[in-house]
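Residues: numbered from 1 along the sequence shown. Predicted model, so just to flag it, every value in this text is computed and none were measured.
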Amino acid sequence: MPASPTLRRRRLSQQLDALRQAAGMTVDAAAKAAKKLRPDRPWSAAKITRLENREWRRLQSDDVLALLDVYGVTDKAERDAYVRLALEASQTGWWVGYKDVLGAGAYVDLETEASRIRTYQPLVIPGLLQTEEYARAVVRGHTVTDDREVERRVEARMMRQQILSRTDGPRLWAIVDEGVLRKVPESAMREQVRHLIEIQASRRVQFQIIPDAAGPHAGMGGSFVILDFPSDPSTVYLEHSMSGLFPEDSVELEHYETVYDHLHASALSVEESTAYLKRLLIDH
């Protein structure tokens with residue numbers, strides 16, 4: 001499975017924070033001790049805080065070793081593991097080539113290593129399930145008018161979908177409002193609906209529709225994605241027009257888990273949703 005630098009950064013930052021606290025040191029004390037050991041490197045309390053809050057892109061092995069010295073980690077195998085983790089956390093993936101349209105690519109980075117993805121979308125079909133023509137319409141609907149940028153965004157979206165064909169790829173559970181399907185352009189409708197029917201047959205994807213008849217429901221606060229990982233805590237992604245947020249508070253995660261359970265209960269079953277799509281295909 002491709003390494004996810006974002007997960008590695010989270011893991012390393014949490015471990016560095018835990019080591020400092022286990023050593024009974026404040027960030028100021030840790031910075032002073034590191035400066036004493038390695039005066040050739042820049043050290044400050046702000047730097048320690050940035051490392052523990054994942055506000056870094058590349059972490060030098062010398063800095064990791066200095067902090068391990070400060071925190072009293074002497075076991076060679078353990079020290080080697082921390083250095084290896086720092087190197088992995090500084091790697092980049094295919095999405096770096098699409099920084100012009102994906103930005104830092106933190107979400108895509110996490111998506112590549114998820115074992116399960118649960119997404120609720122009230123306005124659009126999830127990107128992992130979009131056809132090219134529909135994706136193109138969605139991108140243009142987001143007021144992107146430059147043809148080259150439109151194609152770059154669509155290309156990146158198609159690249160993301162490759163995780164669904166991996167043997168170790170994630171299971172995808174997508175729930176959308178019925179209105180999402182009414183917003184699909186006529187020119188893209190047949191291909192998009194057929195694609196949803198076909199990919200659902202793979203059993204790796206569960207696609208459910210919340211009918212208008214369900215009335216007000218738990219997802220009216222907006223879209224969100226829950227990402228589950230084999231060896232790391234789950235995380236929530238909240239997408240906004242200009243950026244995305246990853247709330248990590250356990251209470252927030254529990255909230256979105258509960259919301260998703262309610263959405264599942266409000267939606268048509270997988271079989272009923274497939275039947276709905278087949279009727280829609282006939283109508284068009």
Side-chain angles (χ1 to χ4, degrees), residues 6 95 101-112 114-131 134-144 153-154 156-158 160-161 163-164 170-185 188 192-193 195-196 199-200 205-229 233-268 270 273 276-277:
T6 299
W95 49 91
V101 294
L102 292 176
Y107 173 76
V108 179
D109 186 8
L110 290 172
E111 189 178 65
T112 63
S115 56
R116 181 174 61 163
I117 300 171
R118 287 170 286 171
T119 177
Y120 165 66
Q121 297 292 337
L123 298 174
V124 297
I125 293 169
L128 290 176
L129 299 177
Q130 294 177 7
T131 62
Y134 174 70
R136 198 169 285 114
V138 170
V139 171
R140 290 192 181 279
H142 285 172
T143 70
V144 178
R153 289 180 181 274
V154 172
R157 198 158 299 182
M158 297 303 107
R160 283 173 52 205
Q161 294 181 7
I163 64 172
L164 296 180
R171 298 187 64 85
L172 174 62
W173 185 0
I175 300 177
V176 304
D177 274 4
E178 183 178 358
V180 166
L181 296 164
R182 289 196 296 271
K183 292 181 175 67
V184 179
Q192 180 62 70
V193 173
H195 177 63
L196 291 174
I199 198 168
Q200 178 135 289
V205 175
Q206 291 180 298
F207 183 82
Q208 292 182 268
I209 302 165
I210 298 180
D212 293 339
H217 57 72
M220 296 183 73
S223 64
F224 62 94
V225 182
I226 303 173
L227 299 160
D228 300 313
F229 307 98
S234 300
T235 192
V236 176
Y237 176 68
L238 307 178
E239 185 175 8
H240 299 286
S241 59
M242 295 296 291
S243 62
L245 299 174
F246 294 93
E248 295 188 1
D249 186 276
S250 59
V251 174
E252 290 189 78
L253 176 60
E254 184 177 352
H255 165 74
Y256 285 103
E257 294 268 9
T258 301
V259 169
Y260 211 86
D261 288 342
H262 282 287
L263 289 171
H264 175 53
S266 298
L268 300 175
V270 171
S273 297
Y276 178 103
L277 292 171

Next item on the list: List the steps, then state whether side chain to side chain contact (heavy atoms under 4.5 Å, CB included) holds for Gln161 with Ile199.
Entry: CA-CA 11 Å; Gln161 294 181 7; Ile199 198 168; over 6 Å; no
Check: Going through the distances and angles, do Ile117 and Ile163 end up as a side chain to side chain contact (heavy atoms under 4.5 Å, CB included)?
Finding: CA-CA 11 Å; Ile117 300 171; Ile163 64 172; 4.2 Å; yes
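Taking the side chain as every heavy atom from C-beta outward, Glu178 and Tyr276 approach each other to under 4.5 Å. Side-chain contact between Val236 and Glu252: absent, with no pair of heavy atoms (C-beta onward) separated by less than 4.5 Å.
Partners of His217 according to the side chain to side chain contact (heavy atoms under 4.5 Å, CB included) rule, which considers only residues two or more places apart in sequence or in another chain, are Tyr120, Asp177, Ile210, Met220, Leu263, Ser266. Partners of Arg136 under the salt bridge (Lys or Arg N to Asp or Glu O under 4.0 Å) rule, at least two apart in sequence or in another chain, are Glu132, Glu151. Evaluation of the ring pair (Phe, Tyr, Trp, His ring centres under 6.0 Å) rule for His264 yields Trp173 as partners, not counting sequence neighbours. Thr119 pairs by the side chain to side chain contact (heavy atoms under 4.5 Å, CB included) definition with Gln121, Pro126, Leu172, Ala174, Val225, not counting sequence neighbours. Scored by the ring pair (Phe, Tyr, Trp, His ring centres under 6.0 Å) test, Tyr107 finds Tyr237 as partners (sequence neighbours excluded).
In terms of heavy atoms, Val139 sits closest to Arg153 at CG1-CD, 3.6 Å. Here the closest non-hydrogen pair linking Leu227 and Ala114 is CD2-CB, 4.1 Å. The nearest pair of heavy atoms linking Leu238 to Ser223 is CD2-O, 4.2 Å. Counting all heavy atoms, side chain and backbone alike, Ala135 lies closest to Arg157 at CB-CD, 4.1 Å. The two atoms that bring Gly127 and Arg160 nearest to each other are CA-NH1, 4.4 Å, heavy atoms only. Considering all non-hydrogen atoms of both residues, Ile125 and Leu181 come closest at CD1-CD2, 4.3 Å.
The line from CG of Leu277 to CD of Gln200 is 7.0 Å long, rounded to the nearest 0.5 Å. Expressed to the nearest 0.5 Å, how far OG1 of Thr235 lies from CD1 of Ile226 amounts to 10.0 Å. The line from CZ of Phe207 to CG of Leu129 is 7.0 Å long, rounded to the nearest 0.5 Å.
The stretch residues 115-124 participates, sequence neighbours left out, in these salt bridge (charged side-chain N to carboxylate O under 4.0 Å, His left out) pairs: Arg116-Asp228, Arg118-Asp228, Arg118-Glu257.
Of the possible polar contacts, none joining the Gln208 side chain to the Ala265 backbone as a donor-acceptor pair under 3.5 Å is found.
In this structure, Phe224 and Tyr256 have tilted ring planes: the angle between them lies in the 30° to 60° band.
Residues Gln192 and Thr131 bring a donor and an acceptor atom of their side chains to less than 3.5 Å of each other.
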